[in-house]
Amino acid sequence: MNKYIFIFLSFSLLLTGCEKDFDFSTKSMETLQPAHKFTFGELGLNAATEFNPVSVRIKGDTIYIANNAVGFTGVIMLSKTSGAVIKHLTSWNFQGNPEKFDNQIMDVAISDKLLFVVNRSSRIDVFNRTDWSYVTTIGRTGWESSSLLQCESADVAGNQLFIRDKHKIIVVNIADCTPANRYK
């Protein structure tokens with residue numbers, strides 16, 4: 001019994017100490033000063049219709065913003081040092097046919113040579129980072145395919161791409177991301 005009283009008193013003192021030592025109010029956050037804010041106006045976008053950032057990644061001097069805005073779904077690439085827009089990637093051509101992201105963009109992942117754009121529609125579109133040309137697509141839109149189901153996020157580690165979908169994590173070798181393996 002004494003052991004439980006000691007634990008209770010210790011826990012109570014710990015909580016009391018926390019209340020006095022830490023200010024968890026929103027006022028305490030006002031002291032945080034960002035180095036820079038990238039706003040829709042600076043990017044030349046309309047906040048109401050074109051700018052809804054859902055994920056941000058950085059590789060080298062480039063900031064990749066996964067933008068999930070109705071009518072402007074894609075990836076915005078910015079120079080980290082100047083803030084200048086490098087590219088708005090919203091569409092591309094494949095074998096002479098125009099294509100675009102067919103669902104919500106959830107995330108982006110970046111390797112040394114490739115940009116992976118995670119579509120909620122059970123696929124990941126892959127682009128070359130030197131000229132932003134389309135390379136391939138991992139998975140296939142729709143629920144008929146069992147390879148991916150509602151992709152949520154991805155990250156690159158070494159020579160592999162880790163994809164999290166609704167039910168599992170799939171590991172793909174980046175070397176296998178070729179036009180010959182489209183929709184696989």
Side-chain angles (χ1 to χ4, degrees), residues 26 29 32-145 147-156 161-167 169-170 172 174 177 182-183:
T26 55
M29 293 302 291
L32 178 65
Q33 296 297 316
H36 188 86
K37 292 180 192 176
F38 294 101
T39 63
F40 59 89
E42 289 177 300
L43 303 177
L45 301 172
N46 180 312
T49 59
E50 299 175 333
F51 193 55
N52 183 21
V54 294
S55 175
V56 176
R57 302 286 176 135
I58 298 173
K59 183 80 170 177
D61 186 53
T62 305
I63 301 170
Y64 298 84
I65 302 170
N67 190 38
N68 194 12
V70 175
F72 203 79
T73 299
V75 180
I76 302 168
M77 286 149 274
L78 306 172
S79 166
K80 187 170 76 172
T81 54
S82 72
V85 176
I86 297 168
K87 174 98 173 143
H88 288 181
L89 180 61
T90 58
S91 63
W92 62 93
N93 285 309
F94 178 69
Q95 296 180 342
N97 297 315
E99 295 194 9
K100 63 180 184 172
F101 302 107
D102 68 343
N103 206 321
Q104 297 172 333
I105 301 296
M106 301 304 292
D107 197 7
V108 293
I110 303 118
S111 73
D112 289 336
K113 297 180 182 181
L114 300 174
L115 167 65
F116 302 91
V117 183
V118 178
N119 284 261
R120 184 137 210 203
S121 61
S122 305
R123 76 182 213 191
I124 296 178
D125 296 307
V126 183
F127 300 89
N128 185 315
R129 283 187 53 223
T130 57
D131 62 3
W132 312 115
S133 61
Y134 172 79
V135 175
T136 194
T137 297
I138 302 167
R140 184 179 291 273
T141 298
W143 292 1
E144 305 87 36
S145 170
S147 62
L148 294 172
L149 179 62
Q150 291 183 344
C151 299
E152 299 288 336
S153 66
D155 202 4
V156 172
L161 176 68
F162 290 75
I163 305 166
R164 183 181 71 77
D165 74 3
K166 189 174 180 177
H167 297 293
I169 295 173
I170 297 173
V172 174
I174 292 175
C177 298
R182 187 174 196 223
Y183 295 135

Check: [Y] main-chain N/O paired with [X] side-chain donor or acceptor under 3.5 Å:
X	Y	answer
Arg123	Tyr183	no
Asn67	Val75	no
Asp61	Thr81	yes
Arg120	Met106	no

Enter the distance from [X]:[atom1] to [Y]:[atom2] here, rounded to the nearest 0.5 Å.
X	Y	atom1	atom2	answer
Thr62	Ile110	OG1	CD1	8.5 Å
Met77	Arg57	CE	CZ	15.0 Å
Lys59	Lys80	NZ	NZ	11.5 Å
Ile169	Phe162	CD1	CZ	8.5 Å
Phe101	Asn68	CZ	CG	11.0 Å
Ile58	Ile65	CD1	CD1	9.5 Å

Option among Val156, Val126, Asp112 that satisfies the side-chain contact (heavy atoms from CB on, under 4.5 Å) test with Ile174: Val156

So which atom in [X] and which in [Y] form the shortest heavy-atom distance, rounded to 0.1 Å?
X	Y	value
Tyr134	Phe127	CA-CD2, 3.6 Å
Gly74	Ile105	N-CG1, 3.9 Å
Val108	Ala66	CG1-CB, 4.1 Å
Asn128	Leu114	CA-CD2, 4.2 Å

Test applied, side-chain hydrogen bond (donor to acceptor under 3.5 Å, both in side chains); reference residue, Asn119; option that passes from Thr73, Asp125, Asn103: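 Only one of Thr73, Asp125, Asn103 forms a side-chain hydrogen bond (donor to acceptor under 3.5 Å, both in side chains) with Asn119, namely Asp125.
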
Ser153-Asp107 side chain donor-acceptor pair, cut-off 3.5 Å: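 Asp107 and Ser153 do not have a side-chain donor-acceptor pair below 3.5 Å.
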
Heavy-atom side-chain contact between Cys177 and Val172 under 4.5 Å: yes

Trp132 and Tyr64 aromatic ring geometry - parallel, tilted or perpendicular at 30°/60° bounds: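 Geometry flag for Trp132 against Tyr64: perpendicular rings.
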
Charged tip of Arg182 within 45° of Phe94 ring normal and under 6.0 Å: yes

